[in-house]
Number of protein chains: 2
Amino acid sequence: MGVTQTRRLSADDWAQAALASIADGGLAAVAVEPIAARLGATKGSFYWHFANREALVDAALRRWEAASTDEVIEAAQTEPDPTTRLRRLFTHVVEAASRDRTEVALLATADHPQVAPVLQRVTERRVGYVSALFAEIGFPPEVARRRGVLAFSAYLGHIQLAHAAPAVLPSSAADRRAHLDEALQALLHGAPH
Amino acid sequence: MGVTQTRRLSADDWAQAALASIADGGLAAVAVEPIAARLGATKGSFYWHFANREALVDAALRRWEAASTDEVIEAAQTEPDPTTRLRRLFTHVVEAASRDRTEVALLATADHPQVAPVLQRVTERRVGYVSALFAEIGFPPEVARRRGVLAFSAYLGHIQLAHAAPAVLPSSAADRRAHLDEALQALLHGAPH
DNA sequence: GCCACACCATACGGTAGCGTATGGGTGTGA
DNA sequence: TCACACCCATACGCTACCGTATGGTGTGGC
């Protein structure tokens, strides 16, 4: 009984806890002692599993990169029509970002030498995916690419707004829907049918 | 002669240096001792002008808020046509953000209790301005607002991309122009003439 | 020419975090 | 059951920073 678990910890437990710390406190919140306390352990445990803090950050980022690539695939793969797939992707990904703040938190430390390459890879994959979607809809490659970058920019800016100044975003469900319609209409204008 | 200046420092000198630190190291870089070293002074000077670090951060943010409101006004006020004004605003503000990283840096600490209200005010003002521009172009108020929010989202996302994954953005001047055209075309589609 | 005050340097104590050293406990295979 | 690898706690030194205490210096007003 009792809350304290006598179970031993694995390296993965630490990585998971580190990722959770990133999500709600940014990269700076990945601190060995606080996380140890959160896990009900001490640094002694940590330094057995990892060489140093850098290795922990690396493990957490590896975890995030893997998860964030799986996620995109899972999102809307069932939907045959690419246009509705784009809409579903948008709604899903915006909602996901408001639940899980990891992406915004990592964006906040895009400069960091360990974060930068991960963020670049994930971003390029995502932009590539959205661009492919526009191509599938029927836009010529260069246009599709530009629309894809624009769509991803709008997404990034949106989650940033939701985080920094939610008051400017529509609050009611109806307004949010109208906003999404407006955005999709703009991004898809001139689409071949 | 010599580099070392015997001049005394003002509170404003400190605020300016703090803002510069934010620009190239984020809020965490606002540390008394490093800035003192950078100014060729010591903490003794600082704690004469300010009560503590919090007051310094406050002064720096105040400076930024003032500067960032003046800036928008100055940008494109001479241009009579609102559509070209929008285009000029876009190009100006994107280029400004790549020179001066303060906005991205502050966005990275949008959670911070001192930063949050400043960021909200500035964001609301800017979104309001762009929305007004769309209204002036001829869109009905609700549509103009949505287009304004969308345009600002695209802007935010763009400068974020330029910072975190510049490889996905167009590199040549011609491609950048094509990208801007595409974005404006999307944002302005269905505009009354 | 001197005094007072604005301005600043130096020295100190305190905190949070990183990393190391060292020893103790615990399970498991021989 | 004994040894040894595995896992962890405690204690320590180190660094970077915040804030305070205290004394020193230059300069304007008289």
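Residue numbering restarts at 1 for every chain, and letters A, B, ... go by the order of the sequence lines.
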query = Taking 4.0 angstrom as the limit, do A:Glu95 and A:Arg99 come out as a salt bridge?
reply =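 Here A:Glu95 pairs with A:Arg99 in a salt bridge, since their nearest N and O are under 4.0 Å apart.
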Nearest listed nucleotide, side chain of [X], among [options]:
X	options	value
A:Ala41	C:dC8, D:dA9, D:dC7	D:dA9
B:Thr42	C:dC8, C:dG17, D:dC18	C:dC8
A:Ala31	C:dG17, D:dC17, C:dC8	C:dG17
A:His49	D:dC18, C:dC18, D:dC8	D:dC8

What is the distance, rounded to the nearest whole Å, between atom [atom1] of [X] and atom [atom2] of [N]?
X	N	atom1	atom2	value
A:Arg53	D:dA16	CZ	P	15 Å
A:Glu33	D:dC14	CD	C1'	13 Å
B:Ile35	D:dA16	CD1	P	17 Å
A:Leu9	C:dT26	CG	P	16 Å
A:Trp48	C:dT26	CH2	P	17 Å

On the 0 to 90° scale, with breaks at 30° and 60°, tag the A:Tyr155-A:Phe152 ring pair as parallel, tilted or perpendicular.
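Rings of A:Tyr155 and A:Phe152: tilted, as their planes differ by 30° to 60°.
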Below 3.5 Å between N/O atoms, which protein atoms pair up with nucleotides 20-25 of chain D? Just atom names and distances, please.
none

Are B:Trp14 and B:Phe46 an aromatic pair by the rule of ring centers under 6.0 Å?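 Judged by ring-centre distance (under 6.0 Å), B:Trp14 and B:Phe46 do meet the cut-off.
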_I'd like to know if the side chain of A:Asn52 and the backbone of A:Ala55 have a donor-acceptor N/O pair within less than 3.5 Å._
yes
Q) Counting only heavy atoms not in B:Glu54, do more than 12 fall under 6.0 Å of its CD? A)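 Counting neighbours around CD of B:Glu54, 12 or fewer heavy atoms of other residues, nucleotides or ligands fall under 6.0 Å, so no.
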Side chains of A:Arg147 and A:His189: any donor to acceptor distance under 3.5 Å?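 Judged by distance alone, the side chains do pair up.
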5'-most contact on DNA chain C: A:Glu54 or B:Phe46, nearest heavy atom basis?
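It is B:Phe46, whose closest nucleotide lies nearer the 5' terminus.
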